[in-house]
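In what follows, a structure is listed as structure tokens, so that the remarks can point back to it.
Quick caveat: nothing in here was measured; it's all calculated off a predicted structure.
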Amino acid sequence: LARQDAESQLAARDARLQDSGLQMAKLQGELKTLDQRLHDKLLQLAEADREKTLEALARRTAEAVAQQTKTDLDIANKHLLDRDAALAQLQRTLREEQSARGRAEAELHSQAEDLRRMQAAAQA
């Protein structure tokens with residue numbers, strides 16, 4: 001009777017061990033599934049972070065290019081303004097020289113007229 005009781009207890013313990021082994025295998029499978037989900041989620045987060053980083057880099061690059069373009073345009077505009085000012089000065093100088101030439105030609109013409117009149121008067 002004691003032996004039968006001991007065998008019964010051993011059989012019950014074996015059944016519990018087998019049940020525990022099945023539960024452990026089931027838990028290991030669930031753990032593996034959860035580990036895979038975690039890995040997938042981490043990959044998604046890493047990809048999202050990479051995309052945000054690339055977007056930020058693209059935005060900063062575009063801002064830097066825009067700033068450099070603005071700087072280049074400001075410099076080009078200053079050169080154009082300087083050139084326009086120099087051109088305006090040259091035009092003023094040219095007008096002054098043309099005016100002085102016109103006065104000199106008028107004076108020369110007047111002196112030539114005076115000379116002709118003196119020659120005509122001298123011949124008369």
Side-chain angles (χ1 to χ4, degrees):
L1 184 65
R3 181 177 171 182
Q4 197 177 19
D5 188 39
E7 286 176 359
S8 174
Q9 285 179 1
L10 279 175
R13 190 172 64 171
D14 283 346
R16 283 194 308 271
L17 281 174
Q18 188 176 8
D19 188 44
S20 293
L22 290 174
Q23 286 180 349
M24 186 184 289
K26 181 182 173 187
L27 289 174
Q28 284 176 338
E30 289 176 5
L31 181 60
K32 188 173 181 179
T33 301
L34 288 174
D35 188 47
Q36 185 60 46
R37 283 186 193 163
L38 177 62
H39 179 71
D40 292 346
K41 190 53 109 173
L42 288 173
L43 285 177
Q44 287 175 351
L45 290 173
E47 180 63 22
D49 185 54
R50 186 179 78 80
E51 287 177 10
K52 284 182 182 177
T53 300
L54 288 175
E55 288 171 1
L57 179 61
R59 189 173 44 255
R60 285 194 304 270
T61 301
E63 290 168 357
V65 167
Q67 182 59 44
Q68 184 60 47
T69 301
K70 182 185 179 307
T71 301
D72 292 346
L73 287 174
D74 289 346
I75 291 169
N77 191 40
K78 171 133 179 33
H79 286 292
L80 286 174
L81 290 174
D82 291 347
R83 187 194 63 137
D84 287 348
L87 182 59
Q89 180 59 44
L90 285 173
Q91 288 172 336
R92 282 191 297 277
T93 302
L94 180 60
R95 282 193 300 272
E96 289 169 3
E97 288 178 3
Q98 287 173 337
S99 177
R101 180 179 176 180
R103 286 191 303 273
E105 286 176 351
E107 180 63 30
L108 186 60
H109 184 66
S110 175
Q111 288 176 359
E113 279 297 315
D114 289 347
L115 185 58
R116 275 187 230 124
R117 276 192 293 246
M118 284 194 236
Q119 286 176 344
Q123 289 176 352

In Å and rounded to the nearest 0.5 Å, what is the [atom1] to [atom2] distance from [X] to [Y]?
X: L45; Y: R50; atom1: CG; atom2: CZ; result: 14.0 Å
X: Q67; Y: T71; atom1: CD; atom2: OG1; result: 4.5 Å
X: L34; Y: L27; atom1: CG; atom2: CG; result: 10.0 Å
X: L90; Y: R92; atom1: CG; atom2: CZ; result: 9.0 Å
X: D82; Y: L87; atom1: CG; atom2: CG; result: 12.5 Å
X: R3; Y: L10; atom1: CZ; atom2: CG; result: 11.0 Å

Worksheet item: When you look at Q44 and E47, which way does the side chain to side chain contact (heavy atoms under 4.5 Å, CB included) test go after all the steps?
Response: CA-CA 5 Å; Q44 287 175 351; E47 180 63 22; 5.7 Å; no
Worksheet entry | Donor-acceptor contact present, side-chain S8 to main-chain Q4, <3.5 Å | no
Fill in: side-chain contact (heavy atoms from CB on, under 4.5 Å) partners for H79, two or more places apart
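Counting only residues at least two positions away or on another chain, H79 forms a side-chain contact (heavy atoms from CB on, under 4.5 Å) with I75.
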Practice prompt. Would you mind checking if K70 and D74 are paired as a salt bridge, meaning a charged N to carboxylate O distance below 4.0 Å?
Written response: yes
Assess, by modelled atom type and distance only, whether the side chains of [X] and [Y] contain a donor and an acceptor separated by less than 3.5 Å.
X: Q36; Y: D40; answer: yes
X: Q98; Y: R95; answer: no
X: Q18; Y: D14; answer: no

Worksheet item: Are Q9 and D5 side-chain neighbours, meaning at least one heavy-atom pair lies under 4.5 Å?
Response: yes
Worksheet item: Got a sec, which pairs hit side chain to side chain donor-acceptor pair (under 3.5 Å) with one end in residues 99-115, sequence neighbours left out?
Response: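 Listed once each, the pairs are S99-R103, R101-E105, E107-Q111, E113-R116, D114-R117.
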